[in-house]
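Below, chain A is the first sequence line, B the second, and so on; all start at residue 1.
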Amino acid sequence: MMYNFNEIEAKWQNYWSVNKTFHAENSSSKPKYYVLDMFPYPSGAGLHVGHPLGYIASDIYARYKRHKGFNVLHPQGYDSFGLPAEQYAIQTGQHPAVTTEENIKTYRRQLDQMGFSFDWSKELRTSSPEYYKWTQWIFIQLFNSWYNKSTDKATSISALVQIFSAEGNIHVQAVCDESILVFTANEWNAFPTKQQQEILLKYRLTYLAETEVNWCPELGTVLANDEIINGVSERGGYPVVRKKMTQWSMRISAYAERLLQGLNTIDWTDALKESQRNWIGKSVGASVVFNLRDSDAVIEVFTTRPDTIFGVSFMTLAPEHELVSQITTTEQKSAVKAYVVATAKRSERERMADVKSISGVFTGAYAEHPFTKESVPVWIGDYVLAGYGTGAVMAVPCGDQRDYDFAKHFELEIPNIFQGVDISEQAYTDKVNTIISNSDFLNGLPYEEASKKAIETLEIQSHGIGKTNYRLRDAVFSRQRYWGEPFPVFYINGMPQMIAAKHLPITLPKVEKYLPTEEGDPPLGRAEAWAWDSVQNKVVENNRINYESIFPLELNTMPGWAGSSWYFNRYMDVNNSDEFASSKALNYWKEVDLYIGGSEHATGHLLYARFWQKFLFDLDLVPVDEFAKKLINQGMILGNSAFVGRIEGTNTFVSIDKITDETIQWIHADVSFVNSSDELDIAAFKSWRSEFNNATFIADDNLIFKVKREVEKMSKSKYNVVNPDAICEKYGADSLRLYEMFLGPLEQYKPWNTAGISGVHGFLKKLWKLYIGDIGVLVVDSEPSKDHLKTLHKTIKKVTEDIENFSFNTSVSTFMIAVNELSAQKCNSKIILEPILILIAPYAPHIAEELWERLGHKESIATAEFPKFNASHLIEITKSYPISFNGKMRFTMELSLELSKEAVEEAVMANEKTQAQLAGRAPKKVIVVPGKIVNIVS
RNA sequence: GCUCAAGUGGCGGAAUUGGUAGACGCGCUGGAUUCAAAAUCCAGUGACUUCGGUCGUGUGGGUUCGAUUCCCACCUUGAGUACCA
């Protein structure tokens, strides 16, 4: 009987689905374990072999945990709002919901054929109204909250209003817009409603504000910082410009410190934590105020080096700084204006590309040094960024290289305030071994103490204050797109109002076209009928007021990360229509125990999701403030692209070994035309595209045409995509699963090579043959030999360690070794072969189920108990001897021979170096290690 | 520039509280089986060698009886980040 994988896999996939084998209940006597994958965006291209890598790993772990007696939650869903479906809709007029539905069908079929143990009864989609109802609901909670610094948590806005009407805002410690002025209770109570709303908006955790945003004209929408890579959009690579717009923002900055501290409590990779730390960008220092001469204005700067304050010889403002026009003297006006205009013209990209050339202009104004009272010239320069700190710096050329370069370039003074340091060539930026001098009361102090003393003195003299700065900016939350969550927002007199929760969801309306309106409104501006009928009714009814005017609705939609910032909680109770998840479910599952996904989400999804989780935690809506205990980033499987060389300007292709000195243009060829020896199927290539039909080929005499290979990201446009459907068809899902694990460490980037799959496929055939012969099942109730037991327990030990360490690649090798050994030992004992199957089941579930059934089991192998390891089968006779050597050193020897202590000692003494040959024994080599050792070699 | 990760056969990769380097697989070579092929099985496969051995984990040093593993410097590649005051 042959190993008929296609039949077996279909059979068991159907069995699991019919029997709901992987359904998880929200209560159990077993301990819980939650294994989560980052859910996919269902793109039109379907899955390629690179996509399921992380899913296979998480599936192995989920199945392993079930064998270990855990109640495992392992769900899957779709992050189904997004740009590609919308771009497609713009081109074809097809509703994104339709294409998304089709794509999901393809995804589901492809996922199912891989044999994943997902609990599909918990499937969710971010674009379904039942789901985004709760995304909208969370938005309302954010709107109705502010961040109280004195309790260090989010609190309701109504509590804030109470404080305002009782005592004003003088005692309120909030993370809020810095432009807020102090007011009393009486003043507050006297403010008109609109003014009160304006003020409250500056406290809310999601707020509407005119901010500088990253506008991508090509995509017609704004982008968050993490959606921009090297000054162009992450999707499509279009240019991005800065633009002032009124947008919804999320006050993530309120959580900067907690997001930073929380990293110490979770088991995520160091690389990932590090990039979140960098993104949050905490720097500790001081805010210093410089008075201006001949002006009432002051310049506030942030510095991390208050110890160097006596080294200040000038100040620099960003060209966009609001004081620039105010302080510039008449003589300097034209020069400054020209510089500001020139800077504004340069795109973000140019400015980034050109960091070396130094430019700037003197404003003519002078500030006053807070301690020496000396005059300090105020310059503007584009090396100072408007967006960081206060957009102004106190320049200390001796201690900062950029200030130094600027000073050299414009021949400004460079006073030296470091003891015994030469600054004639460059700035001295080391702060560890620094002693301050020429600095009045800071003289002789090292960095640490000088900083402290400088801050103290600044505070006493009211010239500054110790301050911590974060690079983390508030996140823009509006997108001028159609295919996203509508905001539950309408406006009265220009002020945003929430639609009552009982009216949620506010569903997406139908529109004629998916483009912005002629007036420049977002696509939802085309949905007039919708805006009027369904929502207006809700708004009016909710407010129980007879409004006469029109209440415009918010026409933007939420960004892609809205839905993905809380979905892990929804899986716990996915069909709940009364709450985003019941507290019973939330308290049972608590958090994700293992989260697997790509590292590209480090500063996007993974940061936003932590932010929302902490917010929900503050409101007592979730039981934990970090949503994922452990996170693993799977690496990417890369494609092995093939290039054919064409002589430039001709239609003649040259085999790579025939190229002489022609100018070659490299063209991607579909990898399916190329065999494992890099030889091109010329006929197939010719008929691929009409332009190649009549091409000529320079190859060797046997018409062997070689292509160039290069490892690249797997992508349709590079014609290097390998489809899992074809692999499953030819080798089976179990082979594919095993092979993807076998390719290399989970976290690593590694190229795909279809040829290698024959190895693991051969292993599965061998495995089959170990259990099933020509006439049926070979396994019998026989006593296992010592060797059999040794192989089994060696394998249990290794595989358990591998799974716990997520080294899935090496356990595949371990299986191969085990099966080879058992075959060679002609093992047919049930006592050995049953546990071996359970070990393999998480990796190759279909074949394991089939063999398990043929061994006479009625229940799925998925519920079988993981075999227990017994070390006594591995160690035959091992003894440890403590031995003194030369009367000093100590050795421990472990031997698998029955040797007397004397014999060992004799061996050690006879071989002072490293090896001892034991006379009169079987040739055993003993390696002796001072302090520890042992190694026996036959 | 900074931060992090990594450099091991023809290829993917094993091996680290320091102890037989190259497990396992691919590929390759030879053999068995076959009319032939596929499939399967067996043997070999780091380099050099006078067949005793010698050299070998990016390069150069160091610690150690012993280093792929630890330390220092450098080179290369990849990833992230970028005038962050």
With a 3.5 angstrom cut-off on both distances, give the Watson-Crick or G-U wobble partner of [N], or none if there isn't one.
| N | answer |
| --- | --- |
| B:rG18 | none |
| B:rC35 | none |
| B:rA79 | B:rU3 |
| B:rA73 | B:rU59 |
| B:rA43 | B:rU29 |
| B:rC51 | none |
| B:rU64 | none |

Check every atom of [options] against the side chain of [X] and return the nucleotide holding the closest atom.
| X | options | result |
| --- | --- | --- |
| A:S758 | B:rG12, B:rC26, B:rC83 | B:rC26 |
| A:E274 | B:rU3, B:rC24, B:rC83 | B:rU3 |
| A:M816 | B:rA85, B:rC26, B:rC24 | B:rC24 |
| A:Y383 | B:rG12, B:rG27, B:rC83 | B:rC83 |
| A:S275 | B:rU81, B:rG80, B:rA85 | B:rG80 |
| A:D382 | B:rG12, B:rC83, B:rA14 | B:rC83 |

When you compare [N] with [M], how far apart are their [atom1] atoms, in angstrom units rounded to a whole number?
| N | M | atom1 | value |
| --- | --- | --- | --- |
| B:rA85 | B:rA67 | C1' | 44 Å |
| B:rA79 | B:rC28 | C1' | 35 Å |
| B:rA14 | B:rU49 | C1' | 28 Å |
| B:rG58 | B:rG9 | P | 8 Å |
| B:rG78 | B:rG60 | P | 23 Å |
| B:rU64 | B:rU17 | C1' | 16 Å |
| B:rG27 | B:rA38 | P | 12 Å |
| B:rU81 | B:rC70 | P | 28 Å |

Closest nucleotide of RNA chain B for A:N809 versus for A:D270: which of these residues is on the 5' side?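 Per heavy-atom nearest nucleotide, the more 5' residue is A:D270.
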Between A:S813 and A:N278, which has a closest nucleotide on RNA chain B that is more 5'?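 Nearer the 5' end of the strand: A:N278.
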Presence of [X] side-chain N/O under 4.0 Å of [N] phosphate oxygens OP1/OP2:
| X | N | answer |
| --- | --- | --- |
| A:K765 | B:rU40 | yes |
| A:Q748 | B:rA6 | no |
| A:R471 | B:rA82 | yes |
| A:S283 | B:rA85 | yes |
| A:N820 | B:rG25 | yes |

Indicate yes or no: does A:R277 engage A:E274 in a salt bridge with an N to O separation below 4.0 Å.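 A:E274 and A:R277: salt-bridged.
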Classify [X] by what it touches in the nucleic acid, base, sugar-phosphate, or nothing, heavy-atom distance under 4.0 Å.
| X | answer |
| --- | --- |
| A:S599 | nothing |
| A:D403 | nothing |
| A:K798 | nothing |

Does any non-hydrogen side-chain atom of A:V376 lie less than 4.5 Å from one of A:V378?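 Contact flag for A:V378/A:V376 side chains = no.
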Are side-chain heavy atoms of A:C398 and A:T308 found at a separation under 4.5 Å?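 Not in contact.
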Expressed as a whole number of angstroms, how long is the span from A:K769:NZ to B:rA39:P?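 Interatomic distance, NZ of A:K769 to P of B:rA39: 13 Å.
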List the residues meeting ring-ring contact (aromatic ring centres under 6.0 Å, His included) with A:H463, not counting sequence neighbours, and say none if there are none.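 By the ring-ring contact (aromatic ring centres under 6.0 Å, His included) rule, A:H463 matches no residue at all.
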Ring geometry between A:F410 and A:W379 (parallel below 30°, tilted from 30 to 60°, perpendicular above 60°):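 Ring orientation, 0 to 90° scale: tilted.
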Does NZ belonging to A:K452 count more than 12 external heavy atoms closer than 6.0 Å?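 Counting neighbours around NZ of A:K452, 12 or fewer heavy atoms of other residues, nucleotides or ligands fall under 6.0 Å, so no.
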Verify the neighbour count for atom CD of A:E322: are there more than 12 heavy atoms of other residues, nucleotides or ligands below 6.0 Å?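 For A:E322, atom CD is not crowded (no more than 12 foreign heavy atoms under 6.0 Å).
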